[in-house]
J.: 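To start, I am sharing the structure in question, which I have written as structure tokens.
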Amino acid sequence: MSRPGVFYQKRIVLGVTGGIAAYKAATVCSRLVQAGAWVDVVMTEAAQKFISPLTFQALTHRPVYTDMFHIPDGNNIPHIVLADSSDLLIIAPATANTIGKMANGLADNLLTAIAMATPAPILLAPAMETDMWQHPATQSNITKLREWGVEVVGPAAGRLASGAMGQGRLVEPDEIVGAAQMVLARQGDLAGKHVVVSAGGTREAIDPVRFVSNHSSGKMGYAIAEAARDRGARVTLVTSAVLSAPFGVEVVQVDSAREMLAAVLEATEQAEALVMSAAVADFRPMSVAEQKIKKKGDSGGMVLELVRNPDILAEVAARKSSGSGPQVTVGFAAETEDLLANAQSKLERKKLDLIAANDVTATDAGFAVDTNRVTLLRIDGSVEELPLMTKRDVADAILDQVVQLLATRTRA
Ligand code: PMT
């Protein structure tokens, strides 16, 4: 069974205040519900001028709270129940008025009362006209709230309700959901750890328009980066693949093996773990032609002389033996024959803690597909053969081992 995502069965209070961007809160709400969260929506009076409570009721299948003094089940005081039971309070959009009340300890409606009473983390997504955002009152209120531990996402710059361009737009729903994910992930088993992941197939230039590469799409590495982020890690993704950057992950774009080596060494200086899922080219053209290579005559071939690329994991291992670099290193072995024997030899030769043996001949595993089938070999001799899984589930299985390995290193 797949590991549940960070929102699964989390209680989230979504506060909606009165701004034109209130309609975007419906998308945020829908995404959270689809991700398995229980979402209670609390609307201010002004918010209801822009969007109906019925919209949120239909999306959440739960009552929508609009009144401090209405007690739906006849017993419990809503602001106390919602404040105490929630895992996260998101306010999107957050107007200058609500931000001002929160920063000054005012609790004159249900939402601001919950904000004062809740022990849960709070995420604000401000939205307002640029002048209101830049006003010293708003800026000092935001600074004060940040000092109190409130998280703030946005606002973005762009076209505002007035038609003017400037800072003050509500960030897009995906960014709000991504920020919420990061806040919740802080309780994950990789919280406080820095994990470096590599992804994609490196490209080794032949001339200005051609390169030598392989079939790696980057999907495996991106899945590991996202899984590590969702477990609370700070993640650096060194990638030669061009996929959309996962929210909250630091992406370092590279092309060649030598660029990847430099980026990995820099990123792992202070990192706890490195997971190398990239398909790094073992060879590169001996020289790169300055101009596009032309065909000579109508027939005849061409010989491309290749030289060895540096082995990134070997360089990391060399640093590790001199006492620096990551505590845990994980590699992949992409094999077309003798899977386990070849993987075992790479595990030892590259001085890894763990290797994922990956048979890349299967059509449902390895390069470019969304699923993978790997066997995990640990340096202590343990072997775990995993069934066909999504790359995300493979990523979590690898990270389960990383968490265990890190625990033994910390105790040592
Ligand atoms: O990107 P996808 O389309 O999702 O595909 C995923 C994948 C098949 C690329 C991935 O699951 C995988 O198997 N990655 C390892 C590919 C590979 O290069 O394997 P290798 O057996 O050649 O290398 C062994 C290990 O050494 C790897 O961890 C590799 O990153 C590392 N290496 C290799 C060469 C080199 N010069 N330096 C290295 O550090």
Side-chain angles (χ1 to χ4, degrees), residues 196-204 212-227 237-243 246 254-265 267-268 273-284 306-320 325-326 328-377 379 386 388-395 397-399 402:
V196 178
V197 181
S198 71
T202 60
R203 296 166 163 212
E204 311 298 329
V212 180
S213 191
N214 56 62
H215 295 293
S216 173
S217 63
K219 286 184 178 185
M220 189 66 247
Y222 277 65
I224 298 166
E226 285 169 4
L237 176 63
V238 180
T239 177
S240 51
V242 189
L243 300 178
V254 296
D255 238 20
S256 67
R258 286 183 296 175
E259 283 175 24
M260 187 171 275
L261 169 68
V264 166
L265 290 182
T268 50
L274 166 66
V275 185
M276 282 288 297
S277 80
V280 185
D282 286 319
F283 299 94
R284 67 175 185 278
L306 301 175
V307 293
R308 282 291 287 267
N309 261 332
D311 188 308
I312 300 173
L313 280 173
E315 303 251 1
V316 171
R319 287 201 168 184
K320 223 171 141 182
V328 171
T329 42
V330 180
F332 273 72
E335 303 297 339
T336 55
E337 57 181 353
D338 299 331
L339 177 67
L340 295 185
N342 283 333
Q344 181 68 33
S345 136
K346 283 178 186 171
L347 173 72
E348 290 164 19
R349 210 172 60 241
K350 293 178 185 247
K351 297 191 171 61
L352 303 172
D353 298 285
L354 175 75
I355 197 158
N358 202 171
D359 178 354
V360 289
T361 59
T363 51
D364 53 5
F367 294 114
V369 287
D370 293 325
T371 48
N372 210 353
R373 190 188 285 104
V374 301
T375 300
L376 302 181
L377 311 178
I379 199 65
L386 299 175
L388 186 71
M389 292 170 146
T390 61
K391 283 188 172 166
R392 174 56 192 246
D393 286 342
V394 170
I398 290 170
L399 293 174
V402 169

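Whatever order the structure lists them in is the order used to number ligands and atoms, beginning at 1. The structure displayed is predicted, hence computed values, not measured ones.
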J.: If you compare all heavy atoms of Glu204 against all heavy atoms of Arg284, which two are closest, and at what distance to 0.1 Å?
T.: OE1-CB, 3.5 Å
J.: Considering only heavy atoms, does Ala334 approach ligand 1 within less than 4.0 Å through its side chain, its backbone, both, or neither?
T.: both
J.: Is the shortest side-chain N to carboxylate O distance from Asp311 to Arg349 below 4.0 Å?
T.: no
J.: Going from OG1 on Thr371 to CE on Met389, what distance comes out if it is rounded to the nearest 0.5 angstrom?
T.: 11.5 Å
J.: Would you please test Thr363 and Val369 for side-chain contact (heavy atoms from CB on, under 4.5 Å) and show each step?
T.: CA-CA 8 Å; Thr363 51; Val369 287; over 6 Å; no
J.: Output yes when the distance from some N or O of ligand 1 to some N or O of Met220 is under 3.5 Å, and no in every other case.
T.: yes
J.: Are any side-chain N or O atoms of Asn214 and backbone N or O atoms of Ser216, one a donor and one an acceptor, separated by less than 3.5 Å?
T.: yes
J.: Contact between ligand 1 and Lys391 is defined here as a heavy atom of the residue under 4.0 Å from a ligand atom; is it met?
T.: yes
J.: To which protein heavy atom is atom 32 (N) of ligand 1 closest, and what is the distance rounded to 0.1 Å?
T.: Lys350 NZ, 3.6 Å
J.: Look at Arg373 together with Asp359 and state whether they make a salt bridge at an N to O cut-off of under 4.0 Å.
T.: no
J.: Measure the distance from atom 24 (C) of ligand 1 to every protein heavy atom, then report the residue, atom name and distance (to 0.1 Å) of the closest one.
T.: Phe332 O, 2.9 Å
J.: When rounded to the nearest 0.5 angstrom, what is the spacing between CZ in Arg203 and CE in Met260?
T.: 11.5 Å
J.: Tell me the protein heavy atom at minimum distance from atom 11 (O) of ligand 1, and give that distance in Å.
T.: Asn358 OD1, 2.6 Å
J.: Residue-level breakdown please: for Asn309 versus ligand 1, do any non-hydrogen atoms fall below 4.0 Å on the side chain, on the backbone, on both, or on neither?
T.: neither
J.: Considering only protein heavy atoms, which is closest to atom 37 (N) of ligand 1, and at what distance to one decimal place?
T.: Ile312 N, 3.0 Å
J.: For the residue pair Leu313 and Val330, what are the closest heavy atoms and their distance?
T.: CD2-O, 4.5 Å
J.: Looking at ligand 1, would Pro310 count as a contact under a 4.0 Å heavy-atom criterion?
T.: yes
J.: With a heavy-atom distance limit of 4.0 Å, tell me whether Val374 approaches ligand 1 through its side chain, its backbone, both, or neither.
T.: neither
J.: Near Ser216, which atoms of ligand 1 are under 4.0 Å from a heavy atom of that residue?
T.: 1 (O), 2 (P), 3 (O), 9 (C)
J.: Write down the atom of Ser198, the atom of Ser277, and the distance for their closest heavy-atom approach.
T.: O-OG, 2.7 Å
J.: With heavy-atom distances below 4.0 Å as the criterion, list the atoms of ligand 1 near Asn372.
T.: 11 (O)
J.: Can you report which non-hydrogen protein atom sits closest to atom 34 (C) of ligand 1, along with the distance?
T.: Asp282 OD1, 3.2 Å
J.: I'd like to know if Asp311 contacts ligand 1, where contact means a heavy-atom distance under 4.0 Å to any ligand atom.
T.: yes
J.: Between OG1 of Thr202 and CG of Leu261, what distance do you get to the nearest 0.5 Å?
T.: 11.0 Å
J.: For ligand 1, which atoms have a heavy atom of Ala333 less than 4.0 angstrom away?
T.: 21 (O)
J.: I want to know if ligand 1 touches Val360 in the polar sense, i.e. an N/O pair below 3.5 angstrom.
T.: no
J.: Pick one of side chain, backbone, both or neither for how Ala278 approaches ligand 1, counting any non-hydrogen atom pair under 4.0 Å.
T.: backbone
J.: Consider ligand 1: state whether an atom of it lies below 4.0 angstrom from any non-hydrogen atom of Val316.
T.: no
J.: Are any of the N/O atoms on Lys346, whether in the backbone or the side chain, positioned under 3.5 angstrom from an N/O atom of ligand 1?
T.: yes
J.: In the protein, which heavy atom is nearest to atom 18 (O) of ligand 1, and how far is it?
T.: Ala279 CA, 3.3 Å
J.: Among protein heavy atoms, which sits nearest to atom 14 (N) of ligand 1, and what does the distance come to when rounded to 0.1 Å?
T.: Ser277 O, 2.9 Å
J.: Quick check on contacts: which atoms of ligand 1 are under 4.0 angstrom from a heavy atom of Ala368?
T.: 2 (P), 3 (O)
J.: Of the non-hydrogen atoms in Ala356 and Ile398, which two are nearest, and what is the gap between them?
T.: CB-CD1, 4.3 Å
J.: Hey, is Ala257 one of the residues with a heavy atom under 4.0 angstrom from ligand 1?
T.: no
J.: For Gly218, is at least one N or O under 3.5 Å away from an N or O on ligand 1?
T.: yes
J.: Between Leu313 and ligand 1, is there a nitrogen or oxygen pair with a distance under 3.5 Å?
T.: yes
J.: Taking all atoms of both residues into account, what is the closest heavy-atom pair of Ile379 and Leu352, and its distance?
T.: CB-O, 3.6 Å
J.: Examine distances only and state if a side-chain atom of Asp353 and a backbone atom of Thr329 form a donor-acceptor pair shorter than 3.5 Å.
T.: yes
